[in-house]
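Notes follow the structure.
The model shown is predicted, which means the values in this text are computed figures rather than measured ones. Per chain, numbering begins at 1; letters A, B, ... match sequence-line order.
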Amino acid sequence: MSEPKPFITFERVEVAYNDLVSGLRNVSLNISEGEFVFLCGQTGSGKSTLLKVLSKQVPVTKGRVIVAGRDLGTVTDKEVPYLRRQMGIIPQDFGLLSTKKVWENVAYAMRAVGKSRREVRSEVPRILERVNILHRADAYPSELSGGEQQRVAIARALINDPPLLLADEPTGNLDPGHSKEILDLLVSLNEKGTTVLVATHDMLSIQDHHKRMIQMSFGQIESDVSVEGVVQEIPHEEPEPEEEMQEQTQEESTDAGQA
Amino acid sequence: MLDKLEFMLAETFISLRRNTWMTFAAVTTSAMALFIIGAIAFAYISLAKFAGDVEKKFEMRVFVKESATEDDVKNLELRLNGMDGVSSVTFKTRKEVWDEFKKNNPSVTQGLEIENPMPDTFTLKFENLGKADAIAELIKKMPEVAPNDGVNYLSDEQNFVGHAMSALRWLGGVLGTVMLLTGGILIYNTIRLTILARRKEIRIMEMVGSTKAMVWAPMIMEGIVQGLIGGLLATVVLGAVYAFTLRLITIINPLSQNSPFPLGLTIFWLSFVGALYGLICSFIAIREPKKKEIPR
Ligand SMILES: Nc1ncnc2c1ncn2[C@@H]1O[C@H](COP(=O)(O)OP(=O)(O)OP(=O)(O)O)[C@@H](O)[C@H]1O
Ligand SMILES: [Mg+2]
């Protein structure tokens with residue numbers, strides 16, 4: 001079987017929030033273009049951190065992250081907005097503007113990335129249609145159900161037509177019925193070619209969808225089960241000894257520096 | 001490009017409306033600051049004009065002590081030339097001074113066969129009247145200068161103008177600075193409030209990939225607009241005060257000649273300074289929040 005070139009690569013990634021708290025520890029993984037991946041694990045296991053690393057909201061302490069052939073370490077502050085246009089970010093809390101109608105929420109985001117009024121006029125209905133919320137275009141967020149609000153948030157994530165969607169607990173605030181609706185929507189977007197990463201601890205809804213599932217625990221990948229149910233080998237699980245040595249000495253030197 | 005500008009301006013005006021009272025406070029304080037600075041600048045300029053001739057003629061005479069040698073005189077000349085605020089130094093020997101005096105005052109000196117009572121004399125001119133007192137004090141202490149009344153300067157009129165101008169400079173400096181600081185703090189606060197009020201918008205913008213300029217320009221523009229309105233307001237008040245003063249003067253002295261209010265120049269300078277100041281204050285206000293990332 002010929003593997004497609006990976007779309008996202010984590011190479012031995014470490015994220016240390018400070019001396020004591022680490023978000024990711026030695027995480028390595030490959031995600032191909034067009035894949036659908038669930039990230040699961042208990043609270044504090046590093047799911048959000050992994051997604052934030054991809055959108056450069058959190059800096060990598062050690063290791064390398066490559067997205068679409070680009071090493072994120074080489075992306076400058078000026079380039080970050082353009083990196084973010086390559087990915088749709090879907091927050092758990094929807095992040096909608098309550099004073100703006102559904103279509104205005106999407107239009108606002110489009111204007112904020114520099115699209116003209118004309119583009120907005122022609123594209124907003126198309127995007128709302130894609131997430132099946134066009135019929136509520138003139139409603140205010142408070143007049144929508146949680147699932148509908150999340151669909152608006154997804155619509156907003158689609159304005160740049162990104163090849164990648166990052167959803168952090170998209171169903172965290174929803175009841176099971178609406179959770180399924182949202183996951184189905186994400187799956188259907190994935191079927192049209194978008195790579196989708198979903199962080200969740202909603203194990204029930206995951207099981208209905210037979211998708212790759214990366215289980216995280218204490219900042220490490222615990223298991224990685226492919227669509228076919230094959231437990232994938234976790235790359236670089238055993239650190240090479242000489243690098244281990246290197247890390248050790250580095251740690252020692254920082255310790256010494258602090259003393 | 002125009003589309004982006006339109007979006008940013010719309011955002012700016014939404015914020016200005018949202019913070020009505022803070023905006024009002026910031027604008028009026030800035031206007032007061034600019035008014036005070038403007039008014040004092042006006043008074044200063046008028047006084048300077050009035051004093052122009054006097055100032056041009058303004059001289060200080062330094063008398064060399066009798067026992068001074070030629071070297072002493074040369075030395076003194078060097079030191080006077082090197083002083084801060086002195087624009088020119090001319091020297092006359094005691095003979096020249098005496099001849100000049102005799103020529104100018106023939107009735108006093110006619111037939112008087114006395115020995116020349118005049119000392120060697122330096123004549124100093126200044127860049128700025130305000131410094132004359134300080135310079136005189138310094139010169140009095142120089143060893144080559146005649147010990148009593150070695151420095152002679154200032155008619156009462158000159159003295160008054162010099163004092164008035166330095167008082168105005170001082171008053172304008174202090175009052176203007178205090179008001180400007182207050183206005184600046186208010187602009188800063190308004191922008192901080194705007195950032196708080198726009199937290200959600202900013203987060204969304206950063207999430208969907210707006211450029212930093214797009215995210216933060218509305219706040220900068222808000223500061224500029226506040227400063228600008230302050231400047232315009234100050235111009236209006238200043239114009240009114242000016243007109244009122246002119247009327248008072250014409251009532252007191254119907255023959256006095258007065259120049260009209262330089263409207264264009266005032267609008268330009270006050271709104272330019274106001275806008276620049278607003279820009280600086282809002283820039284300081286966004287500096288710290290700009291570094292933080294808001295999206296989750
Ligand atoms: N900004 C931060 N500063 C310091 N520590 C942080 C920060 N964000 C996360 N952490 C820590 O990093 C670890 C991983 O957090 P992360 O948010 O990635 O977990 P998570 O798997 O998303 O959890 P949850 O399911 O609760 O969302 C946790 O121990 C957390 O306390
Ligand atoms: Mg999380």
More than 12 foreign heavy atoms under 6.0 Å from CZ of B/Arg18: is that the case here?
yes
Take atom CG of B/Leu196 as the centre, draw a 6.0 Å sphere, and report whether it contains more than 12 heavy atoms from other residues, nucleotides or ligands.
yes
Pairs satisfying side chain to side chain donor-acceptor pair (under 3.5 Å), at least one member in residues 105-116 of chain A, at least two apart:
A/Tyr108-B/Glu11, A/Arg111-B/Asp3, A/Arg111-B/Glu6, A/Ser116-A/Glu119
Under a 4.0 Å threshold between the charged nitrogen and the carboxylate oxygen, would B/Lys200 count as salt-bridged to A/Asp93?
no
Should we count CZ of B/Phe268 as having more than 12 external heavy atoms under 6.0 Å?
yes
Of all heavy-atom pairs between B/Val208 and A/Val113, which one has the smallest distance, and what is that distance?
O-CG1, 3.3 Å
Which is it for B/Met207 and A/Arg156 under the side-chain contact (heavy atoms from CB on, under 4.5 Å) test, yes or no, and what are the steps along the way?
CA-CA 10 Å; B/Met207 205 153 64; A/Arg156 188 186 54 210; 3.1 Å; yes
Is it the case that over 12 heavy atoms from other parts of the model lie below 6.0 angstrom from the CZ atom of B/Phe283?
no
Between atom CD1 of B/Ile14 and atom OG1 of A/Thr99, what is the distance when rounded to the nearest 0.5 Å?
8.0 Å
Answer with side chain, backbone, both or neither: which region of A/Leu96 has an atom nearer than 4.5 Å to a non-hydrogen atom of chain B?
backbone
Donor-acceptor pair, A/Arg84 side chain versus B/Glu206 backbone, under 3.5 Å?
yes
Drop me the distance from B/Ser210's OG to A/Met110's CE, to the nearest 0.5 angstrom.
12.0 Å
Exceeds 12 heavy-atom contacts within 6.0 angstrom, atom CZ of B/Phe24:
no
Ignoring hydrogens, what is the shortest heavy-atom contact between A/Pro91 and B/Arg203? Give both atom names and the distance.
CB-NH2, 3.1 Å
